[in-house]
Amino acid sequence: GDERLEREGIVRWMSSFEELSALVERDGWNFAVWTKLLSVAEAEASERAVATFEAFLVRFPLCFGYWCKYADLVFQAQGAAAAAEVYERAVDAVPLSVELWKSYCAFLEKTEEGQEDSSSSSSPSSRLREAYERAVDAVGFDRMGGALWDAYLDFEATRGTPETVCGAYRRLLRVDGTGRVDEMWHRFKLLCRAYKTSELMSPEDAAEFSAKYKKEKKLLAAEDDVEREKLVKMAGFNELEEQQRLEQMLRETEKAKNDLIHRRVTRQKFEAGIRRWYFHAKPVDDAQLQNWRDYLAAEIRDAGDDQTKFPRVVQLFERCLVPCALYAEFWLSYALWATHRLSHEEALAIIARASTKFLPQRIDLLETLAHFLELVGRVDDARQVHATVYERARRLVATKGKHHQNNNDDKQSGGHSQKLKCAAAVSAANFERRQGNYAAALDAYRDVLKGGDFDHQNENDDDDCSGRDFVASHCARFQVRVLRDLDAARRTLDDALRKSPASRKLWIARIQLEMSQIYDERHRVVRDNVTAVYERGLAPDSSLSDDAKLDLWTRYLYFVENYHDAISASVDVRRRLADFRRERFDDLGRRRPFPPHFPEIAPEQATPQAPDFWDDDADVHVSLGTQQQQQQSNSMMSVA
């Protein structure tokens with residue numbers, strides 16, 4: 001009877017597994033079906049279950065909870081070494097997850113107990129210390145990281161030296177986001193009283209602190225030099241050197257601690273607005289999205305041109321792109337900021353992550369990827385991406401036209417697909433124009449104009465031109481401006497007008513074509529003059545209203561995309577337009593009363609009055625480590 005029940009259970013499991021596997025094969029982005037499949041797979045620790053987790057995490061790499069489950073599954077099936085490899089892949093994919101780092105460090109501590117080998121340079125303690133150091137470097141700033149810091153300090157207390165404990169406290173007082181900075185500063189001072197200065201720092205650090213101390217004290221008055229000579233005679237030179245090193249270390253650590261408190265106070269409004277800090281396929285609510293926009297805008301504004309603050313902007317973008325990984329706007333903002341402040345290569349890496357790993361179905365991101373490839377000189381790769389975008393849009397149009405001819409909603413969807421196809425063709429043509437490949441640019445236009453998939457559109461809609469009319473207008477402008485072939489441009493627009501005689505925008509384009517012949521100046525000179533006028537109108541001291549500037553920025557972007565020869569001009573204007581929108585308008589297009597910024601905090605509010613290095617009532621006897629603190633923190637919600 002037991003064997004029969006076991007067989008029936010296996011059959012039911014197999015049936016459920018096969019059905020769910022078939023569903024995810026048809027729709028690989030259905031998160032709900034994936035989670036059901038994983039719950040079934042987890043119950044059967046088999047090779048097929050391992051393969052299922054692997055496939056899911058390739059598709060959704062930010063799900064830290066499933067990385068932990070996957071590591072446990074591999075640990076049971078293949079042992080500690082294989083599970084450690086899974087954890088390494090996990091922290092590489094989700095470096096900003098506190099819970100993941102806690103799980104990894106706990107796993108290392110559990111699996112490496114009793115394996116201590118002091119003769120080995122790669123002993124369990126050194127591997128665990130390296131993991132803790134990487135963890136606090138990655139997420140030590142997080143307000144949920146208190147338990148991780150306590151575990152790290154307890155590890156150093158039991159297995160480390162006064163020097164490593166001192167180093168851990170110094171690291172904590174630079175980045176800790178838990179709100180316990182004053183408590184940790186007090187403990188750090190007690191630690192410094194309990195041990196000799198030479199025990200708290202390496203010889204290299206001692207030499208560095210001595211050099212800094214002497215450099216800062218070079219401008220001492222003569223009476224201070226006399227006082228120093230007296231101290232040397234009284235305490236001895238070595239003791240004085242140690243005292244100076246300790247004083248320098250405490251001064252630097254206290255300054256870092258005070259800067260940390262100031263940053264936390266100025267950012268606490270934005271931090272309080274972050275309620276989801278983990279990835280989930282469910283949409284992020286509007287309030288949190290706006291909070292992220294404002295937080296990023298304030299951080300970018302605060303950093304300005306100061307390169308020392310760029311890592312904070314990078315860190316905030318990376319934090320944002322965990323819960324908001326499926327929102328293209330944040331990826332685009334990140335890439336545009338990076339191309340201006342970091343490098344074109346780093347911006348390309350950002351947009352490549354977005355368009356290949358998280359949002360591969362977004363055609364607009366693929367087009368942006370093509371722009372950045374062109375920007376760094378990878379012209380052949382950019383051409384291939386443009387071809388991929390156009391082919392994908394073309395297939396989408398064909399699919400919509402074939403299956404949804406009698407459904408009004410689907411006709412609207414088909415119209416959107418056709419707009420994507422036309423925009424992809426114009427983008428590819430502009431790319432070839434910038435490369436000087438005019439024949440290929442003309443082919444890109446003609447491929448759309450000769451197509452037959454626009455028949456179901458309402459060509460008599462005078463409020464908006466069809467996709468074919470849009471491309472015809474661009475093609476005519478290319479023929480007259482670049483190829484200098486007025487007759488060909490006339491033929492292009494006249495052919496389009498025969499097919500769409502009620503298109504208002506086509507008639508306007510035809511009129512403007514003839515009007516453009518009034519001017520006999522060279523195209524490049526005209527382009528530069530137009531650019532100069534736009535720059536004057538959009539200058540900071542311009543009297544235009546924000547609404548007028550927004551309209552002008554939009555027209556400027558359209559101009560550079562269609563008339564300039566270098567992609568860098570388009571990327572630069574796109575980035576500046578994004579900056580203007582972020583500072584002057586909210587996500588609903590409403591004007592802001594003032595740009596997002598960090599509040600001005602008076603020094604006495606931001607930084608408590610620093611106590612003396614040594615508290616008179618401090619307990620001189622202090623343990624090398626710390627005791628585990630009880631943390632009242634919200635547990636991370638599983639994405640399951």
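- Side-chain atoms of D294 and Q290 form a donor-acceptor pair, as typed in the model, at a separation below 3.5 Å.
- By the 6.0 Å contact criterion, NZ on K357 is open, its count of non-hydrogen atoms from other residues, nucleotides or ligands being 12 or less.
- Looking at R394 and E391, a side-chain N of the basic residue comes within less than 4.0 Å of a carboxylate O on the acidic one, giving a salt bridge.
- A perpendicular orientation is assigned to the rings of F31 and F279, their planes being inclined by more than 60° (bins at 30° and 60°).
- With a 4.5 Å cut-off on side-chain heavy atoms, L20 and V33 count as touching.
- A donor-acceptor pair is defined here as one N or O able to donate and one able to accept, closer than 3.5 Å; such a pair exists between the side chain of H280 and the backbone of K282.
- Side-chain contact between C68 and Y104 is absent, with no heavy-atom pair separated by less than 4.5 Å.
- In this structure, F64 has its ring center at least 6.0 angstrom away from the ring center of Y278.
- A donor-acceptor pair is defined here as one N or O able to donate and one able to accept, closer than 3.5 Å; no such pair exists between the side chain of S97 and the backbone of V94.
- With D259 as reference, K255 is the one residue of K257, R263, K255, H262 to meet the side-chain hydrogen bond (donor to acceptor under 3.5 Å, both in side chains) rule.
- With hydrogens and angles left out, the side-chain atoms of T35 and Y66 include no donor and acceptor closer than 3.5 Å.
- Using modelled atom types, one side-chain atom of W149 and one backbone atom of G140 make a donor-acceptor pair closer than 3.5 Å.
- Put simply, the side chain of E109 reaches to within 4.5 Å of the side chain of L128, judged on heavy atoms.
- Under the 3.5 Å distance criterion, with hydrogens and angles disregarded, a donor-acceptor pair is assigned to the side chains of T308 and D306.
- The salt bridge (Lys or Arg N to Asp or Glu O under 4.0 Å) pairs that include a residue from residues 49-58 are E54-R89, where partners are two or more places apart or lie in different chains.
- D92 pairs by the side-chain contact (heavy atoms from CB on, under 4.5 Å) definition with nothing, not counting sequence neighbours.
- With contacts defined as side-chain heavy-atom distances shorter than 4.5 Å, the pair L326/L359 qualifies.
- Looking at R275 and D285, a side-chain N of the basic residue comes within less than 4.0 Å of a carboxylate O on the acidic one, giving a salt bridge.
- The side-chain heavy atoms of V86 and L73, taken from C-beta on, include no pair separated by under 4.5 Å.
- The minimum heavy-atom distance linking G28 with F60 is given by the pair O-CE1, 4.1 Å.
- Sorted by first then second residue, the salt bridge (Lys or Arg N to Asp or Glu O under 4.0 Å) pairs that include residues 533-544, not counting sequence neighbours, are E535-R576.
- Annotation: salt bridge (Lys or Arg N to Asp or Glu O under 4.0 Å) contacts involving residues 324-350, sequence neighbours excluded, comprise R293-E329, D305-R341.
- Two residues are said to be in side-chain contact when any heavy atoms from C-beta on lie closer than 4.5 Å; E561 and L557 meet this criterion.
- No more than 12 heavy atoms of other residues, nucleotides or ligands lie within 6.0 Å of CD in Q307, so this atom counts as exposed by the packing criterion.
- Between R392 and P360, the shortest heavy-atom distance links the atoms NH1-O, 2.6 Å.
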Would R582 and D579 satisfy salt bridge (Lys or Arg N to Asp or Glu O under 4.0 Å), going step by step from the backbone distance to the final call? CA-CA 5 Å; R582 181 173 54 243; D579 289 346; 2.3 Å; yes
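- Two residues are said to be in side-chain contact when any heavy atoms from C-beta on lie closer than 4.5 Å; E299 and V314 fail this criterion.
- Side-chain N or O atoms of S570 include none that pairs as donor or acceptor with a backbone N or O of I567 at under 3.5 Å.
- Side-chain contact check for S568 and H344: no donor-acceptor pair (N or O, by modelled atom type) lies under 3.5 Å.
- A salt bridge is defined here as a Lys NZ or Arg NE, NH1 or NH2 lying under 4.0 Å from an Asp or Glu carboxylate O, and E374 with R378 fails to meet this definition.
- Taking the six-membered ring where tryptophan is involved, the planes of F559 and Y534 are tilted, since the angle between them lies from 30° to 60°.
- Every residue meeting the ring-ring contact (aromatic ring centres under 6.0 Å, His included) condition with W331, not counting sequence neighbours, appears here in chain and number order: F358.
- If you look at H386 and Y390, their ring centroids are not closer than 6.0 Å.
- Using cut-offs of 30° and 60° on the angle between ring planes, the pair F580 and W553 is tilted.
- Residue A151 comes nearest to Y132 through the heavy atom pair CB-OH, 3.6 Å, listed as atom of the first residue, atom of the second, then distance.
- For A131, the side-chain contact (heavy atoms from CB on, under 4.5 Å) partners are C105, L108, not counting sequence neighbours.
- Pairs of residues two or more places apart, or lying in two chains, that qualify as salt bridge (Lys or Arg N to Asp or Glu O under 4.0 Å) and include a residue from residues 317-326 are E271-R319, E318-R353.
- In this structure a side-chain-to-backbone donor-acceptor pair under 3.5 Å is missing from T339 to A335.
- A303 meets the side-chain contact (heavy atoms from CB on, under 4.5 Å) test with K309, F310, V313; sequence neighbours excluded.
- For R276, the CZ atom is densely surrounded, since the number of other residues' heavy atoms within 6.0 Å is greater than 12.
- N291 is linked by a side chain to side chain donor-acceptor pair (under 3.5 Å) to nothing, counting only residues two or more places apart in sequence or in another chain.
- Exactly one residue among W34, W67, W29 makes a ring pair (Phe, Tyr, Trp, His ring centres under 6.0 Å) with F56. That residue is W34.
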Take D150 and R180 through the test salt bridge (Lys or Arg N to Asp or Glu O under 4.0 Å) and record every step on the way to the result. CA-CA 11 Å; D150 287 334; R180 301 174 352 189; 2.9 Å; yes
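- Counting heavy atoms from C-beta on, the side chains of L96 and D142 never come closer than 4.5 Å.
- With E367 contributing its side chain and S427 its backbone, the two residues share no donor-acceptor pair below 3.5 Å.
- Considering only residues two or more places apart in sequence or on other chains, Y70 meets the ring-ring contact (aromatic ring centres under 6.0 Å, His included) condition with F53.
- Ion pair R383/D380 flagged as a salt bridge, since at least one NZ, NE, NH1 or NH2 atom sits closer than 4.0 Å to an Asp/Glu carboxylate oxygen.
- With sequence neighbours excluded, the residues forming a ring-ring contact (aromatic ring centres under 6.0 Å, His included) with F317 are Y334, listed by chain and number.
- With rounding to the nearest 0.5 Å, the separation of CG in L577 from CG in D572 is 11.0 Å.
- With sequence neighbours excluded, the residues forming a side-chain contact (heavy atoms from CB on, under 4.5 Å) with T253 are R170, L173, W185, F188, M249, listed by chain and number.
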